[in-house]
Amino acid sequence: MSVIFSVKDLQKIYGEDQPSQVYALDGVTLEINKGEFTSIVGPSGSGKSTLLNIFSGLDRPTHGEVFLKGQNLTTLSDSEMSDFRRDHIGFIFQSYNLIPVLTVLENIEYIMLLQGKTEKERRLRVEEVLAEVRLEGMENRFPNQLSGGQQQRVAVARAMASKPDIILADEPTANLDSTTGTELVEMMKRLNKMYETTFVFSTHDPIIMERAKRLVVLKDGKVADEIWQTG
Amino acid sequence: MPLLLKLGFRNLLRNKKRTVLSALAIGIGLAALIFADGLILGMRKSMVGSLTETYMGQAQIYHHLYREDPKPEKVIAQIDKVLERVKEASEVKEWTTRLMAEGLVTSPANVLNVQAVGIDLVQEPKISRIDENVIEGKFLGKKREVLIGNRLAKKLDLQIGERLVLTVVAPKSDEVVQELLRVSGIYRFNVSGFDDAMVFVPKELLEEMLGISGESHELVLQFDKEERTQDKQSALWNSLKFPENELTSWRDLVPGVMAAFEMAKATTALVSLFLLLVVLIGIMNTLFMAIFERLFEFGVLQAVGTRPKFIFFMILTEAFCLGLVSVVFGILIAVGVGGLVNIRGIDYGGIQMAEATFTEPIFVFFRWQQFVYFPLELLVFTVIAAIYPALHAARLTIAESMKKSL
Ligand SMILES: Nc1ncnc2c1ncn2[C@@H]1O[C@H](COP(=O)(O)OP(=O)(O)OP(=O)(O)O)[C@@H](O)[C@H]1O
Ligand SMILES: [Mg+2]
């Protein structure tokens with residue numbers, strides 16, 4: 001197994017120049033292998049979102065380095081980071097992932113449009129990923145015409161569409177009921193198996209955690225435990 | 001449709017009420033610009049028209065010393081040659097010649113100083129409105145007739161058909177010459193200096209009285225276009241210039257009128273600037289509102305790999321689209337209001353301004369430039385106004401936009 005993603009001695013301090021500093025992350029070192037299906041878990045405020053944001057370059061660490069496929073993300077400029085994210089990282093938020101003025105089809109092809117893919121390539125790929133998340137025929141709906149679960153599936157489809165090296169998801173199921181949430185994770189797991197896409201997602205939910213192969217437990221900004229499961 | 005335009009228009013449609021209100025506000029600004037320009041143009045046309053068509057004409061030829069010291073002997077030099085040139089020039093639409101003299105009029109009731117003007121009975125009606133402004137009686141027809149202003153008629157206590165005596169001094173012989181004339185008509189220009197102090201007689205009569213036949217003091221010209229008075233270096237202008245004579249335009253005779261327009265223009269420009277500033281602030285406000293309610297979305301856009309630059313241009317495009325909608329509103333409002341006003345025109349009812357009188361209603365004058373330059377200006381302004389909000393949106397860090405929006 002090859003390491004695709006690694007962080008070393010990661011620190012994120014909020015309010016560094018203020019008397020009350022918050023160590024959101026305090027020395028996190030972690031390696032993620034290609035094709036892993038990993039969940040970041042831990043109590044509220046333990047630093048899950050902070051970690052995922054730094055993984056994806058949405059936020060910068062106070063100290064430490066982030067490597068994705070050999071590229072040190074902390075040295076990239078904002079524009080370079082944008083392009084790198086576009087080409088290598090898929091990101092899924094808890095909710096409101098979609099651009100409300102774009103249709104399902106337009107949302108999914110958005111990244112490919114930024115990449116300069118031809119219309120034909122884009123349409124083919126959209127059909128493919130829509131089938132994979134079982135939303136065939138929904139191309140022309142707007143996000144507000146979809147249920148929460150469907151919206152999250154479109155977000156997964158969008159993340160998959162540009163074939164990134166890793167998909168990061170911050171509590172993707174938190175706004176869904178447990179059945180829909182479980183379905184979403186099952187779907188992600190299937191995609192993980194079929195395409196060997198690496199997934200890292202955070203969650204509070206024990207039922208969701210069960211589905212992960214590897215659990216990284218955060219506590220007070222530190223990795224408290226790591227558990228390998230036979231999901 | 002390019003992605004940016006699609007996003008721009010659809011984002012505007014998201015909050016239709018706000019978009020319509022903003023576009024209306026900006027559109028009204030544009031309409032005001034177009035309308036003000038059209039009104040000033042209309043005023044100008046009306047003023048210049050009434051000035052030049054009433055009596056003065058667009059251009060005039062005199063003996064080069066006549067205006068300084070209007071003595072009867074200072075007649076236009078080489079009048080035959082000058083007239084030849086005038087008749088040759090295709091740009092000259094109409095012309096007439098006049099002879100002038102200081103004189104006295106005597107009625108049983110009064111004796112008054114007047115300016116007597118000998119007019120060409122065929123040519124004069126083509127140039128001036130003396131004939132149209134006769135309110136009682138008739139225009140001149142016979143040799144021993146005279147037209148007097150309504151205020152002069154009152155002072156002299158004269159009715160149509162009654163007689164007065166015109167007295168002038170013949171320049172060569174210094175003899176006092178008198179003629180008994182019949183009042184054929186009473187005119188009214190509603191301009192002081194005319195109605196109470198000018199009498200019109202046939203030119204041949206005055207020629208005879210002054211003993212200078214075939215001569216003129218004033219040659220009045222009307223061109224095919226008023227703009228011909230602007231360029232005094234033109235071939236036309238040069239062809240009419242004679243060394244012994246002076247060639248003037250209405251602009252020289254009533255410089256106050258042009259100055260008044262320059263001032264009106266400057267005032268409008270200043271007001272426009274303020275208007276555009278208000279529009280600018282309105283646009284910025286609208287865009288900031290639109291940005292703040294979508295902070296999370298900008299975060300998502302950046303999270304999936306949108307460059308800050310793209311977000312910057314996204315906001316600029318959105319502003320541009322808003323500008324386009326506003327331009328449509330503005331043009332509709334301008335044309336609508338202008339059209340309504342133009343059904344009757346704006347009646348200034350004989351108000352006198354800088355030596356000119358608005359005798360007819362003023363119409364808003366539209367020209368294509370107003371519908372190209374002003375909208376373009378507005379669009380440029382809109383995009384400029386969007387730069388600051390767009391920079392703000394582009395500089396949002398993702399973590400920030402996510403936090404603030406939750
Ligand atoms: N912008 C910020 N300024 C100051 N402190 C912050 C900021 N963002 C996060 N924190 C703090 O950093 C710590 C980690 O926050 P983070 O959002 O990563 O936790 P989390 O594990 O995702 O929690 P949750 O499960 O509630 O989403 C918390 O103590 C939080 O209060
Ligand atoms: Mg969180």
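In what follows, chains are A, B, ... by sequence order, proteins preceding strands, each numbered from 1.
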Can you find a pair of side-chain heavy atoms, one from [X] and one from [Y], that are under 4.5 Å apart?
X: A/Tyr110; Y: B/Leu3; result: yes
X: A/Ile89; Y: B/Val304; result: no
X: A/Leu114; Y: B/Phe310; result: yes

Of the non-hydrogen atoms in [X] and [Y], which two are nearest, and what is the gap between them?
X: A/Phe91; Y: B/Ala303; answer: CB-O, 4.3 Å
X: B/Phe296; Y: A/Tyr96; answer: CE2-O, 3.1 Å
X: B/Val300; Y: A/Asn97; answer: CG1-O, 3.0 Å

Quiz prompt | Residue part contacting chain B, namely of A/Ile92, when any heavy atom lies under 4.5 Å | solution = neither

Quiz item: Among all residues two or more places apart in sequence or in another chain, which pass the side chain to side chain donor-acceptor pair (under 3.5 Å) test with A/Glu109?
Solution: A/Arg122, A/Arg123

Quiz item: Given a strict heavy-atom distance threshold of 4.5 Å, which part of B/Arg14 is in contact with chain A: side chain, backbone, both, or neither?
Solution: side chain

Quiz item: Residues of residues 79-87 of chain A under 4.5 Å from chain B (heavy atom pairs)?
Solution: A/Ser79, A/Ser82, A/Asp83, A/Arg85, A/Arg86

Quiz item: So which bits of residues 150-176 of chain A come within less than 4.5 Å of chain B, counting non-hydrogen atoms only?
Solution: A/Arg158

[atom1]/[X]: more than 12 non-hydrogen atoms of other groups inside 6.0 Å:
X: B/Met289; atom1: CE; value: yes
X: A/Lys117; atom1: NZ; value: yes
X: A/Asp177; atom1: CG; value: yes

Quiz prompt | salt bridge (Lys or Arg N to Asp or Glu O under 4.0 Å) involving A/Arg134 - partner list, sequence neighbours excluded | solution = none

Exercise. Go through the steps for A/Ile111 and B/Thr306 under the test side chain to side chain contact (heavy atoms under 4.5 Å, CB included), then give the verdict.
Key: CA-CA 8 Å; A/Ile111 300 170; B/Thr306 311; over 6 Å; no

Quiz prompt | Atom pair CZ/OG of B/Arg307 and A/Ser77 - distance to nearest 0.5 Å | solution = 9.0 Å

Quiz prompt | Interatomic spacing from OG1 in A/Thr103 to CZ in B/Arg10 - rounded to 0.5 Å | solution = 6.0 Å

